[in-house]
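Proteins get letters first, then strands, A, B, ... in listed order; numbering begins at 1 in each.
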Amino acid sequence: MLTPEQQMHILESGTEAIVPRQALLDKLATGRPLRIKLGVDPTAPDLHLGHAVPLRKLRQFQDLGHTVVLIIGDFTALIGDPSGRSATRPPLTVEQIDENAQTYIAQAFRILDPVKTELRRNSDWLGPLGFAELLRLTSRFTVARILERDDFAKRYEEQRPISLHEFLYPVAQAYDSVVVEADVELGGTDQLFNLLAGRELMEKSGLEPQVCLTLPLLEGTDGVQKMSKSYGNAVGLTDAPDEMFGKLMSIPDALTAKYYRLATLLTVDELEAVEAEISTGSVHPGVQKRRLARLVVEVYHGPQAAIDAEAAFDRVFKRHEAPVDVPEIEVEAADPVHLPALLRELGLAPSNGEGRRLIDGGGVRIDGNPVAPGVYDLSWAAVSGHVVQAGKRHFARPVPRT
RNA sequence: GGGGGUGUGCCCGAGUGGCUAAAGGGGACGGGCUGUAAACCCGUUGGCUACGCCUACCCAGGUUCGAAUCCUGGCGCCCCCA
């Protein structure tokens, strides 16, 4: 059993803030297994590396003997997270939420230890909550207090709409903490307000308040915005190894250290070694990033897949060869073949027009040979069974439909 | 309940009757250079087998030879007053 200070050293790594820090030390000192809460809303079916950041932290708690309470926000998902931008999210049906929850759970247990995890759904207690009870809960918060929340304040300032029900989101999340009697709750930095609301409500409910632990938001592969599927900059946990490797290689250099810290399973000591290499420049950034990509692929697909993914990467991007397994796609045989339409059928272009643009931009190759701009018709023999390439990384092999 | 404002392409944002498939920027995509990084340079950015045709400026009607631009009704959003 590690001392509270030793545990703290591990738990603190890669965190943004622990509020209050001393309270966590005190809780650790009791020696009992702590209850660590994480709430996730199953609003999208796929998890990405950004979601994995708190999951990894949970795993660290588990490895130190603590209990994880993973709350599936099947009820709060109906409210919708009031995270600022484009509010027009199509309301999810109960079925969609259920389905999302299933994949969510499956993916989460790639990281978590099931034995030390308590899985709860907040519809269990939020669903039966009556209006009277809701009034009692909401009376514990003031409008001014809720408006302090960053994104509410910002939206209010920018004269963008805030629906009344969105105010209830932090209330619901806080109530979750009361129900599960959390010792610690995790969240991204943007969650600090909600976490603190839980702390307050617990205290007012006569419970020992939870400690709030926030983790940095992981930027997506564009290096600017936080990782999100809707920004198109996400690395999915279920992405194929090659895909995952490629995406990781494309992150900006400046993010390499952060990714090491938040997306790999290296120990605190190993991380410090890597960070030293990066800051002194003793190892080439490209090499660092390769290792990062390998490590991450390894977490989700195993060591062999990581080695294969790197080999495939070299083949396509270093030696500019086609990948080993170019997908064969059946198309209607025609002679001549209208190339823009073919690109669309092969899934290499969303429309014929886009296909045309790709050709004119010099981005289309057949067996590695560029197609000249303005050439839209080719003989069937020239394409059938050959490797058609759009851009640097999209390949397909047309074969006649049988 | 009353008053005012606003709604343009993926996003922001010009445009007040024909020269507008719609300026400019961002993003995205493609090419070059590279380490599939960044920076930089160039090109493309509604659909269509395409010197043409079709669809487009919140929606539905209308005026006009002609509308993103004018009129009527509706819808969304914002602000002020209550």
Side-chain angles (χ1 to χ4, degrees), chain A residues 84-90 154-164 166 219-225 228-235 239 241-260 278 281 283-294 297 309-323 331-332 334-345 347-365 368-380 383 388-395:
Chain A
R85 64 200 168 74
S86 72
T88 40
R89 183 203 301 263
K154 207 169 156 219
R155 282 161 73 184
Y156 194 69
E157 185 65 29
E158 288 171 359
Q159 310 186 338
R160 282 157 54 208
I162 303 171
S163 291
L164 189 55
E166 295 182 82
E219 289 86 350
T221 52
D222 59 359
V224 181
Q225 285 181 292
S228 161
K229 206 175 177 189
S230 51
Y231 294 145
N233 63 3
V235 181
D239 279 355
D242 292 3
E243 185 73 10
M244 196 179 255
F245 194 97
K247 284 182 180 176
L248 289 163
M249 285 303 287
S250 76
I251 64 168
D253 286 359
L255 242 51
T256 308
K258 192 165 181 181
Y259 267 64
Y260 262 102
I278 288 173
V283 178
H284 189 279
V287 175
Q288 289 287 10
K289 216 185 281 180
R290 270 171 183 276
R291 178 163 172 240
L292 168 72
R294 255 190 339 258
V297 173
E310 185 171 23
F313 176 85
D314 283 345
R315 180 178 169 83
V316 175
F317 297 107
K318 252 181 126 172
R319 302 200 296 277
H320 304 289
E321 295 166 16
V331 296
E332 213 60 58
D335 205 357
V337 178
H338 188 58
L339 198 47
L342 179 69
L343 292 170
R344 184 173 47 71
E345 284 184 72
L348 299 176
S351 70
N352 294 10
E354 186 63 37
R356 220 165 247 265
R357 274 174 228 128
L358 276 168
I359 295 165
D360 290 341
V364 175
R365 291 162 198 269
N369 305 311
V371 173
V375 175
Y376 303 134
D377 293 295
L378 292 172
S379 71
W380 172 251
V383 297
V388 179
Q389 177 182 1
K392 283 179 184 153
R393 47 183 299 194
H394 301 291
F395 301 86

Inset, instruction - Using the closest heavy atom to pick a nucleotide of RNA chain B for each, name whichever of Arg290(A) or Asp360(A) lands nearer the 5' end. - result: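 Its nearest nucleotide lies further toward 5', so the answer is Arg290(A).
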Legend entry - 5' precedence on RNA chain B between Ala341(A) and Ala390(A) (nearest-nucleotide basis):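 Nearer the 5' end of the strand: Ala390(A).
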Send over the distance from [X] [atom1] to [N] [atom2], rounded to a whole Å.
X	N	atom1	atom2	answer
Arg356(A)	C51(B)	CZ	C1'	12 Å
Glu219(A)	A38(B)	CD	P	15 Å
Tyr259(A)	A37(B)	OH	P	15 Å
Gln389(A)	C29(B)	CD	C1'	15 Å
Leu343(A)	G47(B)	CG	P	14 Å
Leu378(A)	U49(B)	CG	P	15 Å
His320(A)	C33(B)	NE2	C1'	12 Å
Asp253(A)	G35(B)	CG	C1'	8 Å

Inset, instruction - Might you point out which heavy atoms bring Met249(A) and Ala293(A) nearest each other, and give the distance in Å? - result: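 Distance-wise, the nearest heavy atoms are SD-CB, 4.3 Å.
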Legend entry - Which atom of Gln389(A) lies closest to which atom of Phe395(A), heavy atoms considered: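 Closest heavy-atom pair between Gln389(A) and Phe395(A): CD-CE2, 3.3 Å.
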Inset, instruction - Could you check which nucleotide pairs with U49(B) in any of the strands shown, counting Watson-Crick or G-U wobble with both distances under 3.5 Å? - result: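 Looking at the geometry, U49(B) pairs with no nucleotide.
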Legend entry - Complementary nucleotide of C77(B), counting Watson-Crick and G-U pairs under 3.5 Å: G5(B)
With sugar-phosphate meaning primed atoms plus P, OP1 and OP2, does [X] contact a base, only sugar-phosphate, or nothing at under 4.0 Å between heavy atoms?
X	answer
Tyr376(A)	nothing
Pro340(A)	nothing
Gly362(A)	sugar-phosphate
Asp222(A)	nothing
Ile251(A)	sugar-phosphate

How far does the [atom1] atom of [N] sit from the matching atom of [M], given to the nearest Å?
N	M	atom1	answer
U44(B)	G7(B)	P	30 Å
A38(B)	G31(B)	P	14 Å
A22(B)	C41(B)	P	25 Å
G47(B)	C40(B)	C1'	34 Å
U72(B)	A21(B)	P	28 Å
C29(B)	C10(B)	C1'	12 Å
G9(B)	C51(B)	C1'	25 Å
A50(B)	G74(B)	P	44 Å

For [Y], does its backbone N or O pair with a side-chain atom of [X] as donor and acceptor, under 3.5 Å?
X	Y	result
Asp222(A)	Asn233(A)	no
Asp360(A)	Gly374(A)	yes
Arg365(A)	Val371(A)	no
Tyr260(A)	Lys289(A)	no

Legend entry - Phosphate-side-chain proximity, Ser351(A) and G46(B), N/O vs OP1/OP2 below 4.0 Å: no
Legend entry - Phosphate-side-chain proximity, Arg357(A) and A28(B), N/O vs OP1/OP2 below 4.0 Å: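 Looking at the OP1 and OP2 atoms of A28(B), neither is under 4.0 Å from any side-chain N or O of Arg357(A).
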Among [options], the nucleotide that comes nearest once only the side chain of [X] is considered:
X	options	answer
Leu358(A)	G35(B), G47(B), C29(B)	C29(B)
Lys392(A)	G35(B), C48(B), U34(B)	U34(B)
His284(A)	U49(B), G47(B), G35(B)	G35(B)
Arg344(A)	C29(B), C48(B), G32(B)	C48(B)
Pro252(A)	G46(B), C29(B), A37(B)	A37(B)
Lys289(A)	G31(B), G35(B), U49(B)	G35(B)

Inset, instruction - Taking the side chain as every heavy atom from C-beta outward, state whether Asp242(A) and Arg315(A) have any pair of such atoms under 4.5 Å apart. - result: no
Inset, instruction - Answer yes or no: side-chain N or O of Asn352(A) and base N or O of G47(B) forming a donor-acceptor pair under 3.5 Å. - result: no
Inset, instruction - Apply salt bridge (charged side-chain N to carboxylate O under 4.0 Å, His left out) to Arg393(A) and Glu243(A), showing your working. - result: CA-CA 10 Å; Arg393(A) 47 183 299 194; Glu243(A) 185 73 10; 3.4 Å; yes
